[in-house]
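See structure below.
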Amino acid sequence: MTAENIPKATAKRLPIYYRYLNILHDTGKQRISSTELAEAVQVDSATIRRDFSYFGALGKRGYGYDVDSLLNFFKQILNQEHLTNVALIGVGNLGHALLNFNFHKDSNVRISAAFDTNETIINTIEDGVPVYPISELANQLHEQQIQVVILTVPSSAAQEVAADAVAGGVKGILNFTPIRISVPDNVLVQNVDLTNELQTLIYFIDNFGK
Ligand code: NAD
């Protein structure tokens with residue numbers, strides 16, 4: 001089974017499964033039932049079983065799913081092993097923090113270009129990453145073959161900037177703004193909300209903590 005054969009709705013859930021399996025792996029958990037996973041990722045267990053069945057996976061009655069094999073499988077499907085350039089739009093407080101972090105060496109992702117409207121930082125290098133004027137977005141996305149952007153602009157600019165990124169060929173947006181941006185069906189948006197993340201963490205401590 002390759003990524004192209006997986007139904008779109010299932011493919012959209014893969015990063016969610018992948019992320020939670022990573023957390024489980026880190027807590028040392030070796031197996032999980034579809035019911036436990038359903039509760040954690042808020043997808044019903046029948047859907048999870050159906051999704052996993054597309055991968056010929058792997059669950060056994062009374063045992064559940066093997067966390068490591070699922071994780072390895074998703075890693076391949078999600079192409080985690082290739083280096084991917086992404087762009088960051090909005091080099092303010094949050095943008096700076098992400099540039100400074102820049103996913104480090106053990107990851108397959110790096111921010112290779114940043115964009116802003118602020119004259120004092122455009123055409124400078126911030127945390128090792130060149131900051132381009134936003135007017136060069138489409139050009140640079142094309143030139144650097146970037147398909148994913150991280151959106152850290154003020155919410156008032158989010159929709160317009162997202163539309164420009166999509167017009168520049170972007171296929172995925174990691175959206176840190178509180179705005180639920182509208183994009184065409186062929187573009188994926190992953191919203192990041194630190195409050196949600198903290199609640200997830202607390203859920204995992206309560207349910208799977210050692
Ligand atoms: P900030 O004001 O410090 O930074 C915003 C940056 O975007 C500035 O550098 C500004 O010049 C730039 N910008 C403005 N308009 C632009 C445009 N049209 N094109 C390109 N760049 C543009 O803001 P911040 O504190 O870094 O927050 C950024 C966003 O992240 C906000 O939407 C905020 O609500 C959100 N946020 C989300 C979380 C979360 O948990 N998801 C946490 C903190 C902040």
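Just so it is clear, the values below take in all heavy atoms, side chains as well, and ignore hydrogens, waters and symmetry mates. First listed ligand is number 1; within each ligand, the first listed atom is number 1.
- Looking only at protein heavy atoms, the nearest one to atom 18 (N) of ligand 1 is V161 CG2, 3.5 Å.
- Residue T195 places no N or O, backbone or side chain, under 3.5 Å from any N or O of ligand 1.
- Interatomic distance, L194 CG to L94 CG, rounded to the nearest 0.5 Å: 7.5 Å.
- Screening N175, L174, L151 for a side chain to side chain contact (heavy atoms under 4.5 Å, CB included) involving V189 leaves a single residue, N175.
- Looking at ligand 1, you won't find any N or O of I89 less than 3.5 Å from one of its N or O atoms.
- Going from atom CG of D193 over to atom CG of L198 covers 9.5 Å, rounded to the nearest 0.5 Å.
- For atom 34 (O) of ligand 1, the closest non-hydrogen atom on the protein side is P178 CD, 3.4 Å.
- At least one N or O atom of L194, backbone or side chain, sits closer than 3.5 Å to an N or O atom of ligand 1.
- At least one N/O-N/O distance between L94 and ligand 1 falls below 3.5 Å.
- Interface of T177 with ligand 1, defined as ligand atoms under 4.0 Å from a residue heavy atom, comprises 32 (O).
- Of the polar atoms of P154, none of the N or O atoms is found under 3.5 Å from an N or O of ligand 1, judged by distance alone.
- In this structure, I179 is not a member of the same hydrophobic cluster as L98, with clusters built from ILVMFWY side-chain heavy atoms closer than 4.5 Å.
- The nearest heavy-atom contact from the protein to atom 17 (C) of ligand 1 is T117 CG2, 3.6 Å.
- Protein heavy atom in closest approach to atom 28 (C) of ligand 1: T152 O, 3.3 Å.
- Applying the 4.0 Å criterion to heavy atoms of A157 picks out, from ligand 1, the atoms 15 (N), 18 (N).
- Salt bridge present: R19 and E197 bring a charged side-chain N and a carboxylate O closer than 4.0 Å.
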Open item on the list: Pair Q145, N85 - check side-chain contact (heavy atoms from CB on, under 4.5 Å), show working.
Closed with: CA-CA 8 Å; Q145 300 191 330; N85 284 337; over 6 Å; no
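- The protein heavy-atom contact nearest to atom 11 (O) of ligand 1 is D116 OD1, 2.5 Å.
- How far CD1 of I89 is from CD1 of I111: 11.5 Å, rounded to the nearest 0.5 Å.
- When only interatomic distances are considered, the shortest N/O to N/O separation between V153 and ligand 1 falls below 3.5 Å.
- Nearest to atom 41 (N) of ligand 1 among the protein's heavy atoms is V192 O, 2.7 Å.
- Nearest protein heavy-atom neighbour of atom 38 (C) of ligand 1: F176 O, 3.9 Å.
- Those atoms of ligand 1 with a heavy atom of D193 less than 4.0 angstrom away are 40 (O), 41 (N).
- Listed by number with element, the atoms of ligand 1 under 4.0 Å from a non-hydrogen atom of S155 are 32 (O).
- Interatomic distance, D116 CG to N123 CG, rounded to the nearest 0.5 Å: 11.5 Å.
- Annotation: the span from Q30 atom CD to D68 atom CG amounts to 7.0 Å, rounded to 0.5 Å.
- Less than 4.0 angstrom separates some heavy atom of N118 from each of these atoms of ligand 1: 11 (O).
- By the criterion of a heavy-atom distance under 4.0 Å, both the backbone and the side chain of N93 are placed next to ligand 1.
- More than 12 heavy atoms of other shown residues, nucleotides or ligands fall within 6.0 angstrom of atom CD in Q144.
- Both F115 and V183 sit in one connected hydrophobic cluster of ILVMFWY residues. Membership requires side-chain heavy atoms under 4.5 Å apart, directly or through other members.
- Distance check for atom 36 (N) of ligand 1: a protein heavy atom is found below 4.0 Å.
- For atom 6 (C) of ligand 1, the nearest non-hydrogen atom of the protein is G92 N, 3.7 Å.
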